[in-house]
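Just so we're clear, the structure is a prediction, and the values are computed from it rather than from any experiment. Just so it is clear, the values below take in all heavy atoms, side chains as well, and ignore hydrogens, waters and symmetry mates.
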Amino acid sequence: MKKQALWLVVILLAVGGAYFAWSYLATDASEFSQSSACAYHEECGWTGSLTFGLGDPSVQKCPKCGRESVVPLAKCRKCGNRQILNDHLRSLFPDRKDIPEATRCKKCDGPIVHGD
């Protein structure tokens with residue numbers, strides 16, 4: 001009876017392991033979803049999650065206004081607020097001189113940098 005129980009456990013572990021291996025290998029690791037927003041936020045106001053693929057440009061087409069203006073949001077380490085990095089805004093609006101170099105959180109005034 002102990003031998004049968006042991007074999008049952010081995011079979012269940014093998015089936016479970018095969019399932020998790022298949023589900024891991026079946027997912028497309030080259031795509032990821034990221035919280036994003038339209039850079040024309042005052043006019044458009046779109047925020048949401050877009051799927052980016054490896055090698056895709058960092059600026060995507062806005063599903064609401066249709067402009068190539070959706071960029072990923074960065075997260076403040078202090079308070080968790082998400083907002084667009086000033087680097088992205090300066091690249092989209094090169095003529096605007098009022099965009100500061102450093103991105104400061106609009107809620108807590110903490111610094112937000114790439115990778116946050």
Side-chain angles (χ1 to χ4, degrees):
M1 188 57 129
K2 288 183 181 181
K3 195 173 185 180
Q4 291 173 336
L6 181 62
W7 275 110
L8 180 61
V9 169
V10 168
I11 290 171
L12 288 175
L13 288 173
V15 169
Y19 170 76
F20 285 114
W22 174 80
S23 64
Y24 175 76
L25 295 173
T27 58
D28 187 359
S30 65
E31 291 186 343
F32 57 95
S33 288
Q34 187 163 8
S35 296
S36 306
C38 181
Y40 292 94
H41 194 70
E42 291 80 27
E43 300 168 27
C44 173
W46 183 87
T47 59
S49 183
L50 281 185
T51 300
F52 290 84
L54 292 178
D56 283 352
S58 61
V59 179
Q60 299 289 322
K61 187 174 184 176
C62 178
K64 184 175 178 185
C65 71
R67 294 181 263 205
E68 295 287 330
S69 58
V70 173
V71 292
L73 295 174
K75 183 177 179 181
C76 176
R77 289 184 183 170
K78 278 176 120 177
C79 72
N81 181 45
R82 293 185 181 273
Q83 68 186 59
I84 298 172
L85 291 170
N86 288 352
D87 292 348
H88 291 305
L89 292 174
R90 281 196 310 281
S91 69
L92 288 170
F93 308 109
D95 296 335
R96 286 190 50 192
K97 304 299 181 206
D98 62 327
I99 302 171
E101 279 290 316
T103 304
R104 305 294 300 186
C105 179
K106 293 178 183 177
K107 284 189 176 180
C108 73
D109 199 42
I112 301 177
V113 295
H114 284 283
D116 282 348

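Looking at every heavy atom in both residues, L92 comes nearest to S69 through CD1-O, 4.1 Å. Between T103 and Q83, the shortest heavy-atom distance links the atoms CG2-NE2, 3.5 Å. Shown here for L73 and A37, the closest heavy-atom pair between the two residues is CD2-CB, 3.6 Å. Heavy atoms only, all atoms of each residue included: C38 and I84 are closest at O-CD1, 3.8 Å. Here the closest heavy-atom approach between residue A102 and residue N86 is recorded as O-ND2, 2.8 Å. Scanning all heavy atoms of the two residues, the minimum distance from D87 to E101 falls at OD1-O, 4.0 Å.
Counting only heavy atoms from C-beta outward, the side chains of V70 and V59 never approach each other to under 4.5 Å. Inter-residue side-chain proximity for R67 and E43 is flagged as met; some heavy-atom pair is nearer than 4.5 Å. Counting heavy atoms from C-beta outward, W46 and C65 have side chains that stay 4.5 Å or more apart. Using a 4.5 Å heavy-atom threshold, the side chains of P72 and H88 count as touching.
Residues satisfying the salt bridge (charged side-chain N to carboxylate O under 4.0 Å, His left out) test with D98, not counting sequence neighbours, are R96.
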Quiz: residues 104-113 side-chain donor-acceptor pairs under 3.5 angstrom, not counting sequence neighbours:
residue, atom, partner, partner atom, Å
R104, NE, D109, O, 2.9
R104, NH2, D109, O, 2.5

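Considering CG of L12 and CH2 of W7, their distance stands at 13.0 Å, rounded to 0.5 Å. Interatomic distance, T51 OG1 to Q60 CD, rounded to the nearest 0.5 Å: 9.5 Å.
Checked by atom type and distance alone, the side chain of K64 never pairs as donor or acceptor with a backbone atom of G45 at under 3.5 Å.
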